[in-house]
Amino acid sequence: MSDKRIIVAIDGPGGAGKSTLAKRVAKRLGFLYINTGAMYRAVALWALRLNVDMSDMHRLEQLAKEADIELDPETGDIRLNGEDVTQAIRDGKVSAAASKVSAVAGVRRALLRIQRGMAQETSVVMEGRDIGSVVFPKAQVKIYLDAHPEERARRRALEHQEQGDAVHRDDVAAELNRRDQQDRARAEAPLMQAPDAQLVDTTGLSIDEVEEVILSLVRSRISNGKEAIR
Ligand code: DC
């Protein structure tokens with residue numbers, strides 16, 4: 001592990017703004033952007049397509065081990081076994097399946113290996129649920145991004161609308177709530193704020209404002225790594 005390598009871990013529930021912010025912050029810092037949720041979604045998509053029973057833990061683990069997952073570190077686009085699945089993994093059915101798939105210990109082990117490998121030689125901004133707690137417990141910067149549930153549901157509903165999906169905000173809120181409960185309650189690497197993570201509440205803040213908050217946290221946490229921060 002290179003001494004200059006910097007890991008910025010961003011965790012939090014759905015709709016808190018992780019993907020948007022992680023991508024922007026990575027660009028500003030010149031780091032790679034890694035969306036780990038997209039990886040769980042890709043495995044879930046494959047399992048759905050193959051009609052795998054979501055309680056078949058061995059088969060799910062096998063898929064996670066065999067999946068050829070490529071992430072574009074600039075755009076966040078994702079390829080599964082050579083196919084661009086960036087849009088396909090955003091489907092509501094995939095979201096629900098991803099939450100189930102991500103509770104399987106064997107799946108997490110397989111993806112953990114890939115996630116750690118991606119940051120072996122380079123600085124990254126990695127976002128997910130367990131980056132600061134499990135994937136990189138020694139990350140130099142740990143941020144827990146959160147927002148009021150109503151605001152998170154509003155943002156998610158807006159995302160769906162922008163993609164042309166007609167959704168009702170109440171349905172989005174219920175689905176988000178169900179997934180958050182599942183992600184928080186599971187035994188393996190549950191969603192949690194690591195004790196040394198900085199809570200950033202994005203309720204009522206613009207994307208630009210949150211970006212500045214995160215960048216200033218990164219700068220203040222990395223005392224003598226100026227050479228790595230552009
Ligand atoms: O961030 P997202 O909504 O795309 O994540 C999809 C699912 O994957 C979500 O239910 C939580 C799960 N996940 C996880 O368990 N661990 C991660 N590091 C990232 C996502």
Side-chain angles (χ1 to χ4, degrees), residues 1-2 5-11 14 18-27 29-137 139 159 163 179 182-183 186 188-191:
M1 167 172 162
S2 139
R5 184 188 68 152
I6 291 164
I7 311 277
V8 178
I10 302 184
D11 291 302
K18 296 188 300 296
S19 301
T20 308
L21 268 314
K23 198 190 286 184
R24 285 175 65 146
V25 168
K27 195 166 184 191
L29 296 170
F31 293 3
L32 298 189
Y33 160 59
I34 300 173
N35 175 346
T36 61
M39 301 168 81
Y40 287 98
R41 285 172 180 269
V43 175
L45 174 69
W46 200 14
L48 285 173
R49 284 179 174 176
L50 296 177
N51 274 322
V52 172
D53 185 338
M54 288 294 155
S55 61
D56 186 346
M57 297 198 287
H58 291 293
R59 186 79 180 105
L60 291 172
E61 176 175 358
Q62 199 181 19
L63 288 187
K65 280 182 176 160
E66 286 175 11
D68 175 13
I69 294 174
E70 297 165 83
L71 281 177
D72 183 318
E74 282 189 16
T75 60
D77 285 1
I78 180 161
R79 297 175 82 82
L80 168 68
N81 303 328
E83 175 193 348
D84 186 337
V85 294
T86 312
Q87 288 305 318
I89 59 164
R90 294 290 140 202
D91 187 86
K93 282 199 192 89
V94 179
S95 304
S99 188
K100 293 198 178 107
V101 162
S102 65
V104 177
V107 170
R108 301 203 71 86
R109 266 197 305 276
L111 296 189
L112 179 74
R113 202 169 305 136
I114 303 175
Q115 290 156 9
R116 287 192 177 146
M118 284 173 154
Q120 217 153 37
E121 287 169 5
T122 179
S123 296
V124 301
V125 178
M126 192 177 283
E127 55 127 329
R129 302 292 188 287
D130 64 337
I131 312 306
S133 55
V134 175
V135 184
F136 289 112
E159 274 170 28
Q163 288 170 5
R179 279 210 297 137
Q182 218 164 296
D183 296 341
R186 69 178 177 225
E188 291 294 326
L191 167 64

Point to revise | More than 12 heavy atoms of other groups within 6.0 Å of Met57 CE | key: no
Check your understanding: Is it the case that more than 12 heavy atoms not belonging to Glu74 sit under 6.0 Å from its CD atom?
Key -> no
Exercise for review: May I ask you to decide whether Arg108 forms a salt bridge with Asp130, counting only side-chain N to carboxylate O separations under 4.0 Å?
Suggested key: yes
Review point. With a 4.5 Å limit on heavy-atom distance, are the side chains of Arg79 and Ile69 in contact?
Key: no
Revision key, fill the gap. dist His58:NE2 -> Asp53:CG (nearest 0.5 Å) comes out at 12.5 Å
Practice item. Compute whether any side-chain donor of one residue and acceptor of the other, for Ser99 and Asp183, lie under 3.5 angstrom apart. Key: yes
**Study point:** Backbone N/O of Asp11 and side chain of Lys18: donor-acceptor pair under 3.5 Å
**Key:** no
Practice item. Go through Ile6 and Phe31 one step at a time and tell me if the side chain to side chain contact (heavy atoms under 4.5 Å, CB included) criterion holds. Key: CA-CA 9 Å; Ile6 291 164; Phe31 293 3; 3.8 Å; yes
Point to revise | Nearest-0.5 Å distance, OG of residue Ser123 to CG of residue Leu29 | key: 8.5 Å
Study note, to complete from the structure: Distance col, row Leu71:CG vs Ile34:CD1, nearest 0.5 angstrom, shows 7.0 Å
Point to revise | salt bridge (Lys or Arg N to Asp or Glu O under 4.0 Å) involving Glu83 - partner list, sequence neighbours excluded | key: Arg49
**Study point:** Flag side-chain contact, heavy atom, 4.5 Å: Ile131 against Thr36
**Key:** yes
Point to revise | Heavy-atom pair of closest approach, residues Leu32 and Pro73 | key: CD2-CB, 3.5 Å
Point to revise | Partner of Ser102 under side-chain hydrogen bond (donor to acceptor under 3.5 Å, both in side chains), chosen from Arg186, Arg179, Gln182 | key: Arg186
Review point. Lys23 versus Lys27: any side-chain heavy-atom pair under 4.5 Å?
Key: no
Point to revise | Sub-4.5 Å side-chain heavy-atom contact between Met126 and Val8 | key: no
Check your understanding: Heavy atoms, side chains only, cut-off 4.5 Å: are Met118 and Ile114 in contact?
Key -> yes
**Study point:** Side chain Thr86, main chain Asp77, donor-acceptor under 3.5 Å
**Key:** no
Practice item. Give a yes or no on whether a salt bridge exists between Arg90 and Glu159, defined as a side-chain N under 4.0 angstrom from a carboxylate O. Key: no
Point to revise | Partner of Val101 under side-chain contact (heavy atoms from CB on, under 4.5 Å), chosen from Val52, Leu111, Leu60 | key: Leu60
Review point. So which heavy atom on Glu66 is nearest to which on Trp46, and how close?
Key: C-CZ3, 4.1 Å
**Study point:** Residue pair Phe136 / Arg5: nearest heavy atoms and the distance that separates them
**Key:** CE2-NH1, 4.2 Å
Check your understanding: If you round to the nearest 0.5 Å, how far is OH of Tyr33 from CD1 of Ile10?
Key -> 9.0 Å
Revision key, fill the gap. With sequence neighbours left out, the residues meeting side-chain contact (heavy atoms from CB on, under 4.5 Å) with Ala98 are Arg41, Ala44
Exercise for review: Looking only at non-hydrogen atoms, find the nearest pair between Ala189 and Val134 and report the distance.
Suggested key: CB-CG2, 3.9 Å
Review point. Any side-chain heavy atom of Asp68 sitting closer than 4.5 Å to one from Leu80?
Key: no
Revision key, fill the gap. Output for pair (Asp56 CG, Leu50 CG), nearest 0.5 Å, gives 11.5 Å
Check your understanding: Step by step, would you call Ile78 with Asp72 a side chain to side chain contact (heavy atoms under 4.5 Å, CB included)?
Key -> CA-CA 6 Å; Ile78 180 161; Asp72 183 318; over 6 Å; no
Check your understanding: Rounded to the nearest 0.5 Å, how far apart are CG of Leu48 and CG of Asn51?
Key -> 8.5 Å
Point to revise | Over all atoms of both residues, closest heavy-atom pair of Leu63 and Ala47 | key: CD1-CA, 3.6 Å
**Study point:** Ser19 and Glu127: side chain donor to acceptor below 3.5 Å
**Key:** yes
